[in-house]
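Since the model is a prediction, treat every value here as computed from it, not as a measurement.
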There are 2 protein chains.
Amino acid sequence: MSQATPPRSRRVPRAERREEILAAAARVFGSKGYRAGSLAEVAEQVGITHAGVLHHFGSKDRLLWEVLEYRDRVDVEHLEGQHIPGGLELFRHLVTTARRNADRRGIVQAYTVLTGEAVTDGHPAADRARTRFGVLREDIASALRTVADERGVDLAEQDAVRAASAVIGVMDGLQTQWLLDPEVVDLAESTAFAIEAILRAVLPGVEPLPDSPGASGAP
Amino acid sequence: MSQATPPRSRRVPRAERREEILAAAARVFGSKGYRAGSLAEVAEQVGITHAGVLHHFGSKDRLLWEVLEYRDRVDVEHLEGQHIPGGLELFRHLVTTARRNADRRGIVQAYTVLTGEAVTDGHPAADRARTRFGVLREDIASALRTVADERGVDLAEQDAVRAASAVIGVMDGLQTQWLLDPEVVDLAESTAFAIEAILRAVLPGVEPLPDSPGASGAP
DNA sequence: CCATACTTACTTACTTGTTAGTAAGTGGAT
DNA sequence: ATCCACTTACTAACAAGTAAGTAAGTATGG
């Protein structure tokens with residue numbers, strides 16, 4: 001038998017190869033976690049050796065770091081230049097995201113696994129997770145304040161932050177349950193239900209949230 | 001500080017030693033995760049070698065399994081024979097638990113880390129996590145049905161399960177945020193807020209939830 | 001009440017496997 | 001002629017699990 005490696009197009013230009021590696025690493029770290037996922041497995045998926053991966057990224061920690069940057073970049077690209085919405089629109093966007101996520105198990109798993117791991121002692125992604133949550137909370141709290149303002153509702157600062165934390169929390173927590181038992185937990189519906197419940201607690205009489213535009217049939 | 005492993009009393013009887021090991025393993029797996037935590041570290045905390053740990057538990061997988069059993073056992077013991085409450089009392093209990101958890105970072109971290117890891121491919125605790133969530137959901141859904149019944153409120157089966165999932169989800173998700181940023185996220189208050197919001201969504205006009213008896217001022 | 005037989009709780013030493021990381025070289029494309 | 005993407009070949013650390021031995025304890029028979 002000639003070679004174990006089928007005629008892999010060798011000599012891929014740097015930028016392209018890096019993208020390949022990042023995509024593979026996102027898959028591996030996403031399904032096994034950072035500590036349990038190995039450079040060798042990432043390398044194999046790209047058709048090179050683990051030393052090849054290190055040639056491009058220097059260390060495993062740095063690879064993780066760049067995977068997270070990459071994922072953020074891809075996520076934002078998907079919004080096609082349209083800025084993250086504010087006001088009620090943000091909550092519609094969150095529900096739509098949950099609906100889309102129900103068809104992207106891999107991404108959800110990656111996010112859940114990595115976030116869970118980030119709370120272990122000395123994890124390299126802890127800082128990132130912390131600031132990410134912080135920014136998200138602020139975005140959501142601010143959207144709540146906007147809506148409350150528009151409607152002349154009095155919204156205590158404490159309640160804005162608590163509601164924001166709760167919205168993020170319930171989205172994450174439902175993802176975990178859904179990953180373990182997708183037949184029983186309906187990610188999209190449960191998330192919509194919970195977000196509406198929390199919204200109504202701070203913004204009495206808010207109307208139901210239809211999905212964001214464009215997300216009806218197949219993605 | 002702690003110990004430099006003083007002349008460890010050797011020859012500890014089986015039952016006692018097993019408890020020591022289980023406690024140590026709960027700490028190690030809780031802070032580092034199962035895959036990243038090593039038998040050697042568990043052993044060291046007890047003052048024996050990793051082979052000694054294997055003498056008692058056979059394999060790392062079995063040790064994890066027994067740690068989980070142990071934790072459930074201890075958690076239930078704490079309830080001192082009093083059965084898990086139903087009806088509205090259950091939700092008061094959940095809020096009280098969140099309040100107590102804010103003083104038990106280690107336990108919360110263990111739970112969060114292990115649950116996050118459990119959604120990785122082929123994790124030995126996946127089944128356990130799945131059934132645990134299933135039982136919890138059923139308990140909470142059933143409590144909701146009880147209260148709805150008492151008050152003559154119509155509660156769709158779907159909504160009962162969605163609300164139950166949401167309650168569990170928000171508790172877990174808030175724990176993660178709190179672990180990363182305890183100064184910003186108030187575990188007890190955010191949890192209480194979210195649970196009340198979800199309750200009001202299915203049981204209109206439910207009154208606020210005071211804590212379970214005994215927990216009023218500073219714990 | 002003591003010796004012998006056995007069990008238990010380990011240790012030491014090892015095997016086997018896996019990991020991240022390094023150093024030096026190779027071969028293809030410009 | 002050189003750059004550079006990569007491989008081969010290695011190291012050092014660490015992992016779980018195994019095997020064999022040893023000391024401490026328990027039961028038994030005389």
Side-chain angles (χ1 to χ4, degrees), chain A residues 2-25 27-29 31-67 117 120-125, chain B residues 5-25 27-29 31-67 113 117 120-125:
Chain A
S2 41
Q3 308 116 313
T5 2
R8 251 276 162 197
S9 58
R10 292 189 28 157
R11 199 78 195 171
V12 174
R14 181 173 185 79
E16 200 175 322
R17 186 62 104 196
R18 280 176 57 97
E19 287 265 321
E20 286 181 27
I21 295 172
L22 287 173
R27 280 194 301 273
V28 171
F29 293 160
S31 62
K32 308 243 215 178
Y34 169 69
R35 297 208 225 240
S38 73
L39 293 180
E41 191 172 348
V42 172
E44 197 201 62
Q45 290 200 11
V46 182
I48 62 177
T49 64
H50 90 275
V53 173
L54 287 170
H55 167 69
H56 287 288
F57 292 93
S59 77
K60 196 188 180 189
D61 268 37
R62 250 198 75 194
L63 176 59
L64 172 62
W65 172 265
E66 300 223 25
V67 164
E117 228 184 319
T120 58
D121 299 340
H123 196 280
Chain B
T5 322
R8 257 273 164 201
S9 56
R10 292 185 29 158
R11 199 77 199 172
V12 175
R14 180 171 187 80
E16 201 177 319
R17 185 63 104 196
R18 280 175 57 98
E19 287 264 321
E20 285 181 27
I21 294 172
L22 287 173
R27 281 194 302 272
V28 170
F29 293 161
S31 63
K32 308 244 220 180
Y34 169 68
R35 297 207 224 241
S38 73
L39 293 181
E41 190 173 349
V42 172
E44 198 200 59
Q45 291 201 10
V46 182
I48 61 178
T49 64
H50 90 275
V53 172
L54 288 170
H55 166 70
H56 287 288
F57 292 94
S59 77
K60 196 189 180 188
D61 268 37
R62 250 198 76 195
L63 176 57
L64 172 63
W65 172 264
E66 300 223 26
V67 164
V113 169
E117 228 184 320
T120 57
D121 299 340
H123 195 279

Can you measure Lys32(B) atom NZ to dC14(D) atom C1' for me and round it to whole angstrom units? 12 Å
Name all pairs fulfilling the salt bridge (Lys or Arg N to Asp or Glu O under 4.0 Å) condition that reach into residues 55-65 of chain A, sequence neighbours left out, sorted by first residue then second. Arg62(A)-Glu66(A)
By nearest heavy atom, map Ala15(B) and Tyr34(A) onto DNA chain C; which one lands nearer the 5' end? Ala15(B)
Whole angstroms only, please: what is the CD-P distance between Glu44(B) and dA15(D)? 11 Å
Would you kindly give the CD1-to-P distance between Ile48(B) and dT8(C), to the nearest whole Å? 17 Å
Output every pair passing salt bridge (Lys or Arg N to Asp or Glu O under 4.0 Å) with a member in residues 44-56 of chain A, not counting sequence neighbours, ordered by first then second residue. none
Hey, which sits more toward the 5' end of DNA chain C by its nearest nucleotide, Ala36(A) or Arg14(B)? Arg14(B)
Which residue pairs pass the ring pair (Phe, Tyr, Trp, His ring centres under 6.0 Å) test when at least one of the two sits in residues 33-58 of chain B, sequence neighbours left out? Phe29(B)-Tyr34(B), Tyr34(B)-His123(B)
With Glu19(A), which residues qualify under side-chain hydrogen bond (donor to acceptor under 3.5 Å, both in side chains), at least two apart? Arg73(A)
By side chain to side chain contact (heavy atoms under 4.5 Å, CB included), which residues pair with Val113(B), not counting sequence neighbours? Val119(A), Thr120(A), Gln109(B), Glu117(B)
For nucleotides 21-24 of chain C, which of its nitrogen or oxygen atoms have a protein nitrogen or oxygen under 3.5 Å away, and what is each distance?
from	atom 1	to	atom 2	distance (Å)
dG21(C)	OP2	Lys60(A)	N	2.7
dG21(C)	N7	His50(A)	NE2	2.7
dG21(C)	O6	His50(A)	NE2	3.1

Atom NE2 of His56(B) and atom P of dT11(C): how far apart are they, to the nearest Å? 9 Å
Base, sugar-phosphate, or nothing for Thr49(B), non-hydrogen atoms under 4.0 angstrom? base
